[in-house]
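Below is one structure, written out as structure tokens; the observations come after it.
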Amino acid sequence: MTHIFNFSAGPAVLPKEVLAQAAAEMLDWHGSGMSVMEMSHRGPEFISIYQAAERDLRELLAVPDNYKILFMQGGGLSQNALIPLNLLGHKPDGATIDFIHTGSWSEKSIKEARKYANVNIAASSTTAVPPQAEWQLTPGAAYLHMCTNETIGGVEYQPDFNDLRLQDVTLVADMSSHILSREIDVAKYGVIFAGAQKNIGPAGVTIVIIREDLLGKALPVCPSAFDFKLVADNESMYNTPPTYGIYIAGLVFQWLKRQGGVAEMSRRAQAKADLLYAALDGSDFYETRVAPSNRSRMNVPFYLKDESRNEAFLAGAKARGLLQLKGHKSVGGMRASIYNAMPIEGVQALVAYLNEFAGQHK
Ligand SMILES: *Cc1c(COP(=O)(O)O)cnc(C)c1O
């Protein structure tokens, strides 16, 4: 089989070393005689797996002590409901949530939030992050929600990601598709959430990082299994957590630490993104539509100027082992997702193919 590079937006590529280790431990984890899948979540074996995963994630992201890390189920989208259900309990007379709208994922969050609160779209653009000076924030808003990397459209809050200057605003950030790809100042956020299947592990685990003073503000109708305070008080074991997914996420965290942590991932992400965008910019055969300063380093949507060649492009890519490059159906074109686990060799192979295909169809 040709060497495969998987550019899927999610569920996405995982480090080969992690998959090999999981395979080796599949039938018998560390002499326990059990697969991790078969273990009680309350037994000492799984508790040790859980605690290591929590500790490693805390270390990788430098999560301060006054934040809880929750390993939940339900995926990224469920958080669009769970966050209002968990944060609006102390706003009985109606709350307003501010949103920065930068694409499909913030759009979905906005739609869901309207079920629970008034929504104010403080700024909107799907090709750039609107400058902070233009945000029309609501005084006294319950919180401000943003999607810091739009997986479909490819808008990322960067390069000044850590320069948000907001006072007295609780920031909620959907970091599903770029968490662990760059250093973040967790203390700037009230809640950070991320589905695992982009940059962490298998689908089914959702990470929530929440400042402790925001716990205990759930609406009475919030389902108990999704009440952040109950989940936090029970170390994510109020009900059965997604145990196998947490185990794989833990292996990914260990892998990240061996690579040099988030700083090294950020360096690699920049190198991969620079290579790919330079190839796209350097050719008049392709185009990109996001403002250069807000281009995602994880999800790179691009278009063939002659879209009648899309099928041939994808077929040629597949023949070279470059898989899952088709763009999201809502925007068309192509998309290369180049998460942490994508080696630079994959991007080099894609760039070689971009040049070759353009050269053949001049
Ligand atoms: C994938 C994704 C989600 C949705 O995750 P699900 O697990 O499918 O619910 C939410 N937000 C962003 C930014 C994503 O990339």
Side-chain angles (χ1 to χ4, degrees), residues 6-14 61 70-86 97 99-113 115 124-129 143-158 161 171-182 184 189 191-210 223 225-226 236 241-242 244-246 248-249 252 269 273 290 294-301 324-331 335-342:
N6 174 7
F7 294 94
S8 170
V13 59
L14 286 166
L61 290 177
L70 317 180
F71 290 81
M72 299 185 66
Q73 312 216 33
L77 275 190
S78 69
Q79 293 300 324
N80 291 332
L82 297 178
I83 288 173
L85 280 166
N86 273 284
I97 307 172
F99 278 87
I100 309 300
H101 170 241
T102 47
S104 311
W105 291 108
S106 35
E107 177 103 34
K108 285 193 177 150
S109 304
I110 288 165
K111 275 206 182 119
E112 191 73 12
K115 296 181 183 175
S124 175
S125 165
T126 55
T127 53
V129 177
Y143 59 89
L144 169 62
H145 180 124
M146 55 179 59
C147 175
T148 47
N149 184 62
E150 285 280 357
T151 320
I152 294 175
V155 170
E156 183 172 10
Y157 282 66
Q158 66 140 334
F161 186 70
L171 263 185
V172 171
D174 177 357
M175 298 195 183
S176 293
S177 51
H178 73 162
I179 192 165
L180 293 164
S181 73
R182 60 194 317 141
I184 52 173
Y189 299 87
V191 185
I192 292 169
F193 70 92
Q197 70 271 28
K198 315 289 166 60
N199 227 356
I200 293 179
V205 184
T206 313
I207 305 289
V208 175
I209 303 174
I210 181 165
F226 294 108
S236 302
Y244 197 75
I246 292 171
I248 300 285
V252 171
V290 174
N294 296 131
R295 284 166 161 178
S296 172
R297 308 194 305 177
M298 294 284 109
N299 308 99
V300 181
Q324 310 208 65
L325 282 164
K326 193 172 179 164
H328 191 270
K329 60 184 184 313
S330 64
V331 293
R335 173 174 50 172
S337 295
I338 50 176
Y339 296 119
N340 284 345
M342 172 62 65

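We're numbering straight along the sequence, starting at 1. Remember, it's 1-based here, ligands and their atoms both numbered in the order they're listed.
The backbone of N149, and not its side chain, has at least one atom closer than 4.0 Å to an atom of ligand 1 (non-hydrogen atoms only; backbone = N, CA, C, O). With a 4.0 Å cut-off on non-hydrogen atoms, C147 touches ligand 1 through its side chain and not its backbone.
Although no hydrogens or angles enter the test, the distance criterion places a donor-acceptor pair under 3.5 Å between the side chain of Q158 and the main chain of R295. Of the possible polar contacts, one joining the R297 side chain to the S181 backbone as a donor-acceptor pair under 3.5 Å is found. Of the possible polar contacts, one joining the R335 side chain to the T151 backbone as a donor-acceptor pair under 3.5 Å is found.
Per-residue contacts place G75 under 4.0 angstrom from the following atoms of ligand 1 (heavy atoms of the residue considered): 7 (O), 9 (O).
Nearest heavy atom pair, residue P84 against residue Y143, reads CD-OH, 3.4 Å. Residues I200 and I207 share a closest heavy-atom pair of CD1-CG1, 3.7 Å. Of all non-hydrogen atoms in N294 and V129, the two that sit nearest each other are OD1-N, 3.0 Å.
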For this session: Check step by step if side chain to side chain contact (heavy atoms under 4.5 Å, CB included) holds for V208 and Q79.
Result: CA-CA 9 Å; V208 175; Q79 293 300 324; 3.6 Å; yes
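Counting only heavy atoms of the protein, atom 11 (N) of ligand 1 lies nearest to D174 OD2, 2.6 Å. In terms of protein heavy-atom proximity, atom 15 (O) of ligand 1 is closest to T151 OG1, 2.4 Å. Ranking protein heavy atoms by distance to atom 8 (O) of ligand 1, first place goes to Q197 NE2, 3.6 Å. For atom 1 (C) of ligand 1, the closest non-hydrogen atom on the protein side is K198 NZ, 1.5 Å. L77 N, 2.8 Å is the protein heavy atom nearest to atom 9 (O) of ligand 1. Looking only at protein heavy atoms, the nearest one to atom 4 (C) of ligand 1 is W105 CZ3, 3.4 Å. Shortest contact from atom 5 (O) of ligand 1 to any protein heavy atom: G76 N, 3.5 Å.
Side-chain polar atoms of H178 and T148 form a donor-acceptor pair below 3.5 angstrom.
Ligand 1 lies less than 4.0 angstrom from a heavy atom belonging to S176.
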